[in-house]
Amino acid sequence: MKNPTHRRGRTRAYLYTGFLIFALLVSSASNYYKYSYLQRVQSANTRRSLAQLGAYLSSINTDLTKGLYVTTGTMLETMSNELTRDAAGAKSALASLPLSDSHLDNTYKFLSQVGAFVTSLDRKLNTGGTVSDEERQNMLTLIKISKSLSDAVSDITVQLESGEMNMQTASLSVKNSDLHASGLSPAFSDAEQSVKDYPTLIYDGPFSDSILERESEMLKNSAEISQDEALAKAAEFTGLDKNNLKFSGESQGRIPCYLFSNDSFTAAVSKNGGYVVYILGSSYAGEEKISIEQATENARAFLDSRGYLYMEDNYYSVNDGIATINFASVQNGITCYADLIKVSISLETGNVLSFDASGFIMNHIQRDFPEPKITESEARSKLSPLLKEIACKRAIIPTEYATEQDCYEFRCVNDSGQEFLVYIDTATGMEDNILILLHADGGILTK
């Protein structure tokens, strides 16, 4: 007969062993969870840093491309400040990646030197000098390097998101994309980098990021209306009976509004003055059946019928079968870009899907246009010799200081077919802005 004591001992041993195995499994699972969590966090951080790096490099390439055609120190100083800030942001994003700095010496060198080089050109122009052919070649080299780096990071990001590349391979690819910059001009010098406010790219037509910054004269001089009066305005503008619209709330912000809606759209009517600020449709566009030219005509007819006369179409974008056309008002033959209205048209039906007059309402006034102090011919002489003029017109452009500037707008092209808009001040002859025109299947935009 077996000893009960021995049997109890074996039972306890089995239980202890089972508990130990269970504890090890729990510990292993916990460690695995923590490891997986840390991996996910690191992966998310790396993806975010890659996206930031790509955005900064793209912005640097844009600024350098603009800088190639600058002829005045004032404009070049603006480019230099933007490049310095973007370079600092790119270096910060690069430092956040799980890479060894020793493999990125040339990339860091490029980012340190790019702003300093443009700053040296700025000083030269401000002291009466001119940009030499050698310096323009150096600028072209910088543009090529920034484009290569930007494309490399973009390719890595796409492959990482699609699963074609894992994190380890992505890190190696970033290292291999480092370009040798030692062949650049000896005039380059290292400069301290400082991060301030990052510049904002313009995607939605010229100046659309700065048109909502000042106080509206239209609203300031208009009386407040009631909800019922606003409903009548919304019904008249949309062509619907008041009974087909319901009050759906209020919105605050720079233009306080009453909101009305039905199954198809929401309309916002300003509390002051009763202006229809926007109509936001909920319809989906289907197959594209009409041209952008026909969509533009439909948008113009809509504006004319609502009392928005003398509007000039300038830029447009197409997304998912919907064309959004930007219109600016024209006074005395002068384009006023701040008076912006956007109309979205279905490319299937040709119908208006949405309307946004916030830019117009915030900025429209009857302007006084002083006689230019410099002639169009004198302004033309300020253009870069690397640009060929296509067209010229006079325009009022908004500034980042919530003011307006009277300019000659020169539409130009370089040797490779890239188009630019160059703005020359009608009073001083200085360059006020340079924009790059983007022609694509998705529309005509600027940055």
Task: Heavy-atom neighbours of Phe302 CZ exceed 12 at 6.0 Å - done: yes
TODO: Please name all residues satisfying side-chain contact (heavy atoms from CB on, under 4.5 Å) with Asp313, sequence neighbours left out, ordered by chain then number.
DONE: Thr296, Arg300, Ile325, Phe327
Open item on the list: Can a donor-acceptor pair be found, under 3.5 Å and without considering hydrogens, that links the side chain of Gln418 to the backbone of Leu437?
Closed with: yes
- [ ] Name all residues meeting the side chain to side chain donor-acceptor pair (under 3.5 Å) criterion together with Thr349; count only those two or more places apart in sequence or in a different chain, and write none if there are none.
- [x] Ser346, Asn351
TODO: Using modelled atom types only, decide if a donor and an acceptor are shared between the side chain of Tyr56 and the backbone of Arg85 within a distance under 3.5 Å.
DONE: no
Open item on the list: Main chain of Asp228, side chain of Tyr258: is a donor-acceptor contact present, judged purely on distance under 3.5 Å?
Closed with: no
TODO: Go through the steps to decide whether Arg306 and Glu236 satisfy the test salt bridge (Lys or Arg N to Asp or Glu O under 4.0 Å), and finish with yes or no.
DONE: CA-CA 9 Å; Arg306 268 64 178 179; Glu236 179 184 8; over 6 Å; no
Open item on the list: I'd like to know if the side chain of Ser146 and the backbone of Ile143 have a donor-acceptor N/O pair within less than 3.5 Å.
Closed with: yes
Open item on the list: Check whether Asn272 reaches the backbone of Ser270 with its side chain - one donor and one acceptor, N or O, closer than 3.5 Å.
Closed with: no
Open item on the list: Donor-acceptor pair, distance only, cut-off 3.5 Å: does the side chain of Ser148 make one with the backbone of Lys144?
Closed with: yes
Open item on the list: I need the minimum non-hydrogen distance between Val343 and Val352, along with the two atoms involved.
Closed with: CG1-CG1, 4.1 Å
TODO: Mark yes or no for whether Ser222, through its side chain, and Met218, through its backbone, hold a donor-acceptor pair below 3.5 Å.
DONE: yes
Open item on the list: For Phe355 and Tyr278, I'd like to know if the aromatic rings sit close, meaning centre-to-centre distance below 6.0 Å.
Closed with: no
Open item on the list: So does Gly359 get a backbone contact from the side chain of Asn363, meaning a donor-acceptor N/O pair under 3.5 Å?
Closed with: yes
- [ ] Mind checking side chain to side chain donor-acceptor pair (under 3.5 Å) for Lys233 and listing every partner two or more places apart, or none if nothing turns up?
- [x] none
Open item on the list: Please confirm whether the ring centroid of Phe420 lies under 6.0 Å from the ring centroid of Tyr69.
Closed with: yes
- [ ] Report yes or no: do Ser344 and Thr324 form a side-chain donor-acceptor pair below 3.5 Å?
- [x] yes
TODO: Would you check if the side chain of Thr335 reaches a backbone N or O of Tyr337 as a donor-acceptor pair within less than 3.5 Å?
DONE: no
Open item on the list: Pairing donors with acceptors under 3.5 angstrom, does anything connect the side chains of Asn414 and Ser416?
Closed with: yes
- [ ] Would you check if there is a donor-acceptor pair between the side chains of Asp356 and Ser358 at a distance under 3.5 Å?
- [x] yes
Open item on the list: What I want to check is whether the side chains of Ser59 and Asp86 have a donor and an acceptor closer together than 3.5 Å.
Closed with: yes
Task: Polar side chain donor-acceptor pair, Ser291 to Gln294, under 3.5 angstrom - done: no
Open item on the list: Restricting to side chain to side chain donor-acceptor pair (under 3.5 Å), what partner residues turn up for Arg380, sequence neighbours left out?
Closed with: Glu376, Glu389
Task: Counterpart residues, side chain to side chain donor-acceptor pair (under 3.5 Å), relative to Glu288 (two or more places apart) - done: none
- [ ] Might you confirm whether atom CG of Asn221 has over 12 heavy atoms from other residues, nucleotides or ligands at distances under 6.0 Å?
- [x] yes
Open item on the list: Using 0.5 Å steps for rounding, measure from the CG atom of Asp406 to the NZ atom of Lys373.
Closed with: 11.5 Å
TODO: Output yes when a side-chain donor or acceptor of Asn262 lies under 3.5 Å from a complementary backbone atom of Phe265, and no otherwise.
DONE: yes
Task: Any residue meeting side-chain contact (heavy atoms from CB on, under 4.5 Å) with Ser154, in chain and number order, not counting sequence neighbours - done: none
